[in-house]
Amino acid sequence: MLTCFGKKNIRLTILTYTLKILLIDRPDGTYCFRLHNDRVYYMSERILKLATNISRDKLVSVGTCFGKFTKTQKFRLHITALDFLAPYAKFKVWVKPGSEQSFLYGNHIMKSGLGRITENTAQYQGVVVYSMADVPLGFGVAAKTTQECRMVDPMSIVVFHQADIGEYIRSEDTLT
Amino acid sequence: MGRKLDPTVKVKRGPGRKARKQKGAETELSKFLVDDDGPKKLSSRSRKRAIKRAQVTKEPKQEEKSKKGFSDENSKWLKPTQRKRKIEQSEEDEDSDSQWEEEDDDDEEGFGKKEMEEEEDDDDEDMVDDYGADEGDEQDSDGEELLPIERAARKQKKQIRKKPGSDDDEDEEEEDDDDEEDEKDDLKEDEEEEEDTVQANFDETETFKLPAAADRAKEGLLQMDLQTIHQRIRDNVDVLSHFSEKREEGKERSEYLSLLRSDLCTYYSYNEFLISKLMDIFPVSELIDFLEANEIQRPVTIRTNTLKTRRRDLAQALINRGVNLDPLGKWSKVGLVIYDSSVPIGATPEYLSGQYMLQGASSFLPVMALSPQEGESVLDMSAAPGGKTTYMAQLMRNTGMIVANDANADRLKSVVGNIHRLGVTNAVICNYDGRQFPKVMGGFDRVLLDAPCSGTGVISKDPGVKTGKDEADVLRSAHLQKELILSAIDSVNADSPTGGYLVYCTCSIMVEENEWVVDYALKKRNVKLVPTGLDFGKEGFIRFKERRFHPSLKLSRRFYPHSQNMDGFFVAKLKKLSNTIPTAPRETEDEVESTKTETAASSEQIQKPESKQQKPASTPEKSNMGKKQKLKPEKSETPIITKKAGVKSENKKSDGPKKAKIAKLDGETSKKSAKPNKKQKVKELNGDSTKEVVIEKKKGSQFEKNNKTKRKNLLKKNKNRMGKNKFKKLKNMVGQ
């Protein structure tokens, strides 16, 4: 179901967020990615087998949706993948409590709201955004390197917003 | 001026200088504040008047006071304890009732003893506003000129009020909770406008009188205010609870009930149908509680997502955000009830990160009853919005598999959202009509069916149900639920090592949608009811009006908003005993031997030769088989195709076509079971009793799509091959 081209695309995206894919072979069984209706789902092989009974037009979702391919075949990572990618994130950004709500509404993170950031973050590096209580809030892209973040003024953007958990309420319809 | 109010300060008296000084505030005030407790010093005239009054009113006073149950001397200071519900405690005398009303008025008005005196005076047929002693004083103080005139006027007033006054007095006694002012207003209104109806209602102290038909018609034209209706409802319920004592002579219970019905419809805005149904289900006093409970919202409850957090930690985090909460109850380890919150509960970062889910308390119950185990395969037939599905997933710790199905594609989006938010990884979401289910996929360990219903248990959430539902809606729901429950039963694998359970639940309190549907399932399939594991809630009905249900329905549970403080709900847990589906009621050898399964085109032909072998074969059985065939002509071919292999193998093993029927529909288990079944069948052919056959049948093979297997067997027997035009061939077979 998943073409080679597709897989490559995903891997490219995912690698920007994580060190390596630790998600295929897991202690509790083999998991896999499958493409269905332009969306990529991550599920265990057991569920895959059982889901084949359901006809394609009636199947809405299997396992967890990681993201989707847009019309131009770009891969967009969804917030639903957060739980899986967050533990493997190499580069993290912590947001101050005051700016937490702003990020959850879909805004970018400014220097004033930046709590911590991992060292040696390159520019335009994919990062996972956490709250100060280490609760993962979403994905982002670093706008500046760590060094630059130290020097820049408080009102400039340091992390571009990509996905946040507020989308569960804001865009519930588009999750599927 | 500046002196403090101090009762312990001694006032100087006497001719001295100190006595002439200004006394403190307390002494000045004491001149104005009259001590009501002490008996007033009456002038000679007022004394005479008091004597006269006492003579006139002695007799009625005694009558009424004897009713009240307290002696005359003690009535002033001895007050009966206030009851919370007049209706429940109205088992005591009406006298005590009336006294309670008086006392209630006292408390509400804060008039203290004055009111009591007034009430008593009213009993004595004095005016409501009769401040007896004070009048006398006022008269004296006003001057002698006014006395005779005032007297005459008062006498006149008293005379006028005496006649309707007795009713009014009763009125006051009966209308306990109303403010006295309202009573007075009502009295005036009553006198002017509604003398007929209200007086008729409150003619005597003890009996609530039904208004005559003409009066009721009048009411339709007049605007009856809600308070009067409410009072009338209460009185009516009171009478109905103690019918033999309080009934009016010549009036039937049905008349009281019909009046109550129309009053309830008006007061609570229900339609006649629903009120009649509710009156059948609940006793009258409980009905009022139920209707009242439907007017207010149930408390907001949340369920901790144990996949991501613990209840303690979540409670702590929410309290830090400013939420006032408590554990839900002893019966739940994951529930929290929210009293109030400074932040929106549905938008906290904890909610967004999936640490909890907003869910009604009653929705916990079916999942707790089902209790899915780790590694099982579970089906949720009506999953939207996904609360129960995610609860099952957390109980299964993300192992096994859950199929979440819903017929409505829009509502499925919320299922997807919730599943992803709460971190459920073992779920497959699909969009089928629940009735298609055993065809799509079967052999689940457990199935949860939260059937779509009329919603009479969640009126507090959706007041539109009050007027929107009628007979046709309920029957339509019931029909759909019956189809769904049969499909659900067929989707369960009876031979599952850990399961074989189905939980059927609805958020409705109608018997047609609950007990009737479960009873239907008991008749149509090899299932039995088992205890739900919920130790609270009301037991299901075994009989209702003219219907009688299977006694095991006692194991099902009903929940009500007024007694358990959760939405109205019904939960029943069924265990599937065997995968065979019984055909129309008959227990003959032929049927048993010939068809372990229900109808099938092939079965007829197969059975014919068999029936010849077996002497007890009877024509009715054959006709039954014929009927069975006709009953299920629509069975699709797909199961036949899939079962081909199994059928073939079994065919070789089996003696007759019937054994071929043991063709398994899916899984290895059926094969295993088929083998012992076949052996048993052989025994049967040797001529066991029908009963044994029946038993064996129950133990017998499993398969979910009986028609197809039968057909398959038939075909196999005849041709051992399914050509391209299977359907036509099958049709021909059936025709023959």
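Just so it is clear: chains get the letters A, B, ... in the order the sequence lines come, proteins before strands, and each one is counted from 1. Quick note: numbers below take in every heavy atom, side chains included, and nothing from hydrogens, waters or symmetry partners. Small disclaimer: the values here were computed from a predicted structure and weren't measured.
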Separation between CD1 (A/Ile165) and CD (B/Glu350), nearest 0.5 Å, reads 9.0 Å

When only pairs under 4.5 Å are counted, which of A/Pro136, A/Ser55, A/Ala51 shares the most heavy-atom pairs with chain B? A/Ser55

Heavy-atom pair count under 4.5 Å with chain A, highest-scoring of B/Ala409, B/Cys430, B/Ala347, B/Ser414: B/Cys430

Among A/Asp164, A/Leu50, A/Ile79, A/Leu137, residue most engaged with chain B (heavy-atom pairs, under 4.5 Å): A/Leu50

Taking C-beta and beyond as the side chain, do A/Leu104 and B/Leu352 meet within less than 4.5 Å on heavy atoms? yes

Got a sec: does the CZ of B/Arg310 have more than 12 other heavy atoms crowding it under 6.0 Å? no

Distance-minimising heavy-atom pair for B/Val416 and A/Val60: CG2-CG1, 3.7 Å

As an exercise: rank A/Val135, A/Thr80, A/Asp57 by heavy-atom pairs under 4.5 Å with chain B and give me the winner. A/Thr80

Counting heavy-atom pairs under 4.5 Å with chain A, the top scorer among B/Ala317, B/Gly354, B/Pro349 is B/Pro349

Let me see the working for B/His420 and A/Thr64 under side chain to side chain contact (heavy atoms under 4.5 Å, CB included), right down to the final yes or no. CA-CA 7 Å; B/His420 284 103; A/Thr64 322; 3.4 Å; yes

If you round to the nearest 0.5 Å, how far is CD1 of B/Ile429 from NZ of A/Lys58? 15.5 Å

Counting only heavy atoms closer than 4.5 Å, note whether A/Glu167 contacts chain B via side chain, backbone, both or neither. neither

Tell me, side chain or backbone of A/Ser131 under 4.5 Å from chain B's heavy atoms, or both, or neither? neither

Find the distance between CG (A/Leu82) and CZ (B/Arg421) and round it off to the nearest 0.5 Å. 13.5 Å

Report which part of B/Val424 has an atom under 4.5 Å of a heavy atom belonging to chain A: side chain, backbone, both, or neither. backbone

Verify side chain to side chain contact (heavy atoms under 4.5 Å, CB included) between B/Lys308 and A/Asp83, making sure each step is shown before the conclusion. CA-CA 10 Å; B/Lys308 293 201 173 183; A/Asp83 288 335; 3.1 Å; yes

In short, B/Arg321 meets A/Glu100 closest at the heavy-atom pair NH2-OE1, 4.0 Å

On a heavy-atom basis, the closest approach of B/Asn426 and A/Ile47 is CA-CD1, 3.2 Å

